[in-house]
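What follows is a set of notes on a single structure, which appears directly below.
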4 protein chains.
Amino acid sequence: MNVTSIVENPLLIEKRRMQLTLAGINVFSRLGFHKATVKDVAIEAGVSVGLVYQYVSDKQDLLFLALNHIIRRHHEEIPSALAGLEDPLVRLHAATDSYARINASNKAVVVLTYRETKSLKPEFIRKLKQLEIETNRLIEGCIQECLDAGFLVPTKPELLAYRVVIAAQSWSLKNWQLAKIVTLDEYIEHAIHACWVALLSQKGRRRIAKLQSDGLLKGLAAIA
Amino acid sequence: MNVTSIVENPLLIEKRRMQLTLAGINVFSRLGFHKATVKDVAIEAGVSVGLVYQYVSDKQDLLFLALNHIIRRHHEEIPSALAGLEDPLVRLHAATDSYARINASNKAVVVLTYRETKSLKPEFIRKLKQLEIETNRLIEGCIQECLDAGFLVPTKPELLAYRVVIAAQSWSLKNWQLAKIVTLDEYIEHAIHACWVALLSQKGRRRIAKLQSDGLLKGLAAIA
Amino acid sequence: MNVTSIVENPLLIEKRRMQLTLAGINVFSRLGFHKATVKDVAIEAGVSVGLVYQYVSDKQDLLFLALNHIIRRHHEEIPSALAGLEDPLVRLHAATDSYARINASNKAVVVLTYRETKSLKPEFIRKLKQLEIETNRLIEGCIQECLDAGFLVPTKPELLAYRVVIAAQSWSLKNWQLAKIVTLDEYIEHAIHACWVALLSQKGRRRIAKLQSDGLLKGLAAIA
Amino acid sequence: MNVTSIVENPLLIEKRRMQLTLAGINVFSRLGFHKATVKDVAIEAGVSVGLVYQYVSDKQDLLFLALNHIIRRHHEEIPSALAGLEDPLVRLHAATDSYARINASNKAVVVLTYRETKSLKPEFIRKLKQLEIETNRLIEGCIQECLDAGFLVPTKPELLAYRVVIAAQSWSLKNWQLAKIVTLDEYIEHAIHACWVALLSQKGRRRIAKLQSDGLLKGLAAIA
DNA sequence: CATGAATGAGGATTCATTCAT
DNA sequence: CATGAATGAATCCTCATTCAT
């Protein structure tokens with residue numbers, strides 16, 4: 001299931017893999033998975049073709065490394081963004097914000113994921129879908145907390161989570177047009193947070209106001 | 001700019017092109033543009049490889065025909081859905097609904113557009129982007145009418161139009177998960193119409209209520 | 001062995017064959033036999049592809065028609081140029097001159113013969129070689145007459161005939177350069193007739209002088 | 001302009017190129033450029049198809065390598081045949097002889113040049129024409145020296161050079177017939193050297209006699 | 001560990017030929 | 001007789017992968 005390598009030194013593996021991951025993201029984004037050659041990736045990474053095959057067993061592995069990159073970022077950064085936060089609304093805001101900004105910093109990978117996931121073997125596709133579901137669960141969990149606390153009107157948490165995810169990924173997918181209309185901050189507020197803000201209960205709305213006046217929640221001025 | 005053919009009889013061209021378009025959508029969706037062979041498309045269309053090249057000059061042309069299909073549907077059906085409607089909110093509702101349902105009936109093409117647009121030559125990409133902008137303008141126009149009538153609170157019409165478009169396309173893109181959570185009708189109401197309903201002004205909200213009681217606007221019960 | 005046709009009306013056949021012959025010469029000269037398509041020839045001849053196959057059975061037949069064209073010209077025109085001439089040297093001069101000028105009027109076919117003969121099936125190649133030999137014999141015969149009359153020093157008549165033939169064909173083959181250096185008339189005198197003039201015996205030289213002063217032989221002023 | 005390769009080691013390039021050149025000459029001569037497949041050439045060279053494309057970028061490149069082969073031979077061997085020779089007539093004789101024998105040793109390439117030059121892209125055709133002109137100039141130079149020394153009667157050196165060239169190439173072009181009539185040595189004497197011997201001045205004729213009796217010039221016994 | 005030369009399977013495209021109209 | 005739409009075999013070229021150095 002995981003990418004395997006011939007070389008044994010684990011530090012070297014880690015270093016080479018990162019080289020190949022970044023090279024893969026660049027090259028596949030520029031040329032697409034099928035048009036890009038393994039040689040293209042090797043050159044971008046500054047190594048020889050032969051070396052590539054010492055660290056991955058397949059061209060598809062290179063794609064998997066690239067697509068997996070952003071997922072790893074989510075799983076590392078969202079939990080750390082939530083660490084120490086207690087208020088459900090603050091946590092939902094933080095998770096959403098973090099998720100959106102990680103996506104925005106990795107536009108190429110987001111686009112690549114939409115374009116090239118189908119190019120992977122079923123086994124890899126399944127794995128990525130599973131990981132995506134787990135990522136979404138990080139947001140869904142925060143939504144559930146807000147529902148439990150009565151801050152949101154009753155709604156399907158999975159659907160709301162998906163709406164947030166879709167809106168966040170769309171910043172990358174439609175960036176060529178959206179960036180002409182709004183800034184990232186505006187977009188996050190009016191197109192991403194707006195999704196759940198529209199579903200705040202009375203209680204939720206009051207809590208938001210308090211959090212804002214206590215300085216515990218920045219932003220949302222225009223929409224909440 | 002347009003796909004050209006060697007055969008001269010225009011009726012025959014139209015017929016064959018449609019065959020190839022539908023075959024292209026199926027095959028490219030199943031296998032992806034690069035993995036699919038022209039022979040695959042020919043077989044799916046029930047013709048010979050050679051015949052394909054009498055009606056398109058290129059494998060890329062087949063992809064363009066496929067991707068262009070849904071755009072043609074939008075440009076034919078949305079205006080006809082709006083015909084005779086006068087109230088701005090009714091029109092916005094109709095345009096959005098129509099747009100969403102056309103996308104939902106062509107899930108494969110929507111997905112294909114995201115996956116394979118980059119596989120086209122720049123010239124075709126430009127053409128498709130242009131056509132997409134024109135499609136969006138159909139919705140944007142309705143939004144603007146609502147803004148002019150004071151039914152929506154001030155907002156950027158392009159951004160709102162994009163949010164609707166994104167939500168509608170996402171039904172196809174994330175269908176594998178969304179369909180587990182909601183029906184299409186629910187999704188249209190809670191994820192697509194919800195985008196603009198959340199921005200209704202007092203006046204807009206009142207008008208909606210009236211239209212509903214007059215039977216001029218069906219749906220939106222749960223969110224407006 | 002001969003090109004056969006489906007159509008029966010012999011006049012029509014003759015007319016169509018000539019159309020195709022001329023079209024073939026043009027198209028094959030411009031594009032080469034392999035790059036030219038049967039459709040190209042059909043268009044050049046102003047007919048449909050299907051029609052071509054009513055008058056020839058093969059693409060190769062078209063080439064054969066083209067290459068055979070110049071041979072037919074030789075076999076028609078050289079004998080008629082010799083008709084009524086009696087003096088061996090006058091006859092040799094006339095045959096050579098006629099041969100050279102027919103070649104010069106059909107440069108494209110000469111070039112085509114060198115380039116594309118090998119593209120024919122063995123059976124056609126044999127036929128053409130045979131016809132070429134017969135053509136050469138027309139000149140060789142005149143040389144033999146001159147040898148018998150003692151006008152040329154002993155020499156192999158076949159070799160001399162070939163030298164004349166080669167020189168004549170070279171006007172077409174190297175025309176791009178030769179035409180920069182000399183006119184056709186100069187070339188015929190200095191490069192073609194020169195071949196046999198250099199082999200004139202004393203007797204032959206005297207006879208030439210007499211023929212010239214009698215006005216029975218024009219040209220050769222500069223070399224004989 | 002020149003054939004380029006992906007492989008970097010220049011010795012390997014040289015070796016492989018020579019393999020491909022010789023294979024190309026054989027295969028293209030046997031089958032013609034268009035009928036021959038790249039695979040045919042690869043097999044003849046004892047390598048794989050893929051390897052071919054590491055050393056040439058095109059099927060046409062293979063043809064260019066083949067056609068260029070004889071030109072390289074001329075440019076290497078004629079100057080070395082002239083090295084150390086001083087007498088203009090000896091030099092002309094040597095250049096002509098060398099040129100004729102190189103052509104005779106590369107009959108296949110000579111024929112190929114006539115048949116397939118047009119199959120090359122214009123850029124290559126121009127290059128070959130240029131090189132042919134330069135080759136001819138090697139002979140033309142010797143003719144000019146003889147003219148300057150008064151050994152030949154006034155004549156256009158370019159034309160005489162072309163006549164020699166044509167006669168020499170014709171040994172290959174018409175070999176199927178000429179070889180039945182004469183040996184190469186006879187042909188060189190009676191059909192090639194004969195061209196310029198016929199134009200010797202009195203002075204030239206005397207010099208030839210002297211060179212022959214001094215043993216500085218072998219051959220021409222029968223014609224000078 | 002790293003290199004890059006060699007392999008050969010695979011696919012887009014062309015075009016001679018046929019045949020129904 | 002004439003047309004031109006349809007066929008499908010044939011070939012150039014690319015590139016993932018291997019392996020000797």
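We use all heavy atoms of the structure for the numbers below, so side chains are in, but hydrogens, waters and symmetry mates are not. Letters A, B, ... mirror the listed sequences (proteins, then strands); counts begin at 1.
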Strand DNA chain F in bracket notation, Watson-Crick/G-U under 3.5 Å with | for pairs to another chain: .||||||||||||||||||||

Distance-only donor-acceptor hits, side chain of residues 35-48 of chain D, under 3.5 Å, sequence neighbours excluded:
residue, atom, partner, partner atom, Å
Thr37(D), OG1, Lys39(D), N, 3.4
Thr37(D), OG1, Asp40(D), N, 2.9
Thr37(D), OG1, Asp40(D), OD1, 3.4
Thr37(D), OG1, Asp40(D), OD2, 3.1
Asp40(D), OD2, Thr37(D), N, 3.0
Glu44(D), OE1, Arg30(D), NH2, 3.4
Glu44(D), OE2, Asn26(D), ND2, 3.2
Ser48(D), OG, Leu51(D), N, 3.3

Could you tell me which residues satisfy salt bridge (charged side-chain N to carboxylate O under 4.0 Å, His left out) with [X], sequence neighbours excluded, listed by chain and number?
{"X": "Arg16(B)", "value": "none"}
{"X": "Arg72(D)", "value": "Glu14(D)"}
{"X": "Glu116(B)", "value": "none"}

Expected output: side-chain Asn9(D) to main-chain Leu12(D) donor-acceptor under 3.5 Å: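 Side chain of Asn9(D) to backbone of Leu12(D): a pair is present.
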
Comparing Leu12(A) and Gln60(B) on DNA chain E - which has the more 5′ nearest nucleotide: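 Closer to the 5' end of DNA chain E: Leu12(A).
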
Length of the line joining [X]:[atom1] and [N]:[atom2], which is rounded to integer Å:
{"X": "Lys59(D)", "N": "dT13(E)", "atom1": "NZ", "atom2": "P", "result": "19 Å"}
{"X": "Leu63(B)", "N": "dA12(E)", "atom1": "CG", "atom2": "C1'", "result": "15 Å"}
{"X": "Asp61(C)", "N": "dT17(E)", "atom1": "CG", "atom2": "C1'", "result": "13 Å"}

Please name all residues satisfying side chain to side chain donor-acceptor pair (under 3.5 Å) with [X], sequence neighbours left out, ordered by chain then number.
{"X": "Arg115(A)", "answer": "none"}
{"X": "Ser57(A)", "answer": "Asp61(A)"}
{"X": "Arg126(C)", "answer": "none"}
{"X": "Arg17(D)", "answer": "none"}

Separation of the C1' atoms in dC1(E) and dT21(F), to the nearest angstrom: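 Straight-line distance between the two C1' atoms is 13 Å.
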
By ring pair (Phe, Tyr, Trp, His ring centres under 6.0 Å) - contacts of Phe28(A) (at least two apart):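 So Phe28(A) forms a ring pair (Phe, Tyr, Trp, His ring centres under 6.0 Å) with Phe33(A).
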
Which atom of Leu120(A) lies closest to which atom of Leu67(A), heavy atoms considered: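 Of all heavy-atom pairs spanning Leu120(A) and Leu67(A), the closest is CD1-CD1, 3.8 Å.
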
Sub-4.0 Å heavy-atom contacts from residues 13-24 of chain D onto DNA chain E, ordered by number: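 Here the set is Arg16(D).
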
Within residues 27-57 of chain B: residues closer than 4.0 Å to DNA chain F (heavy atoms):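 Heavy-atom cutoff 4.0 Å gives Ser48(B), Gly50(B), Leu51(B), Gln54(B), Tyr55(B).
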
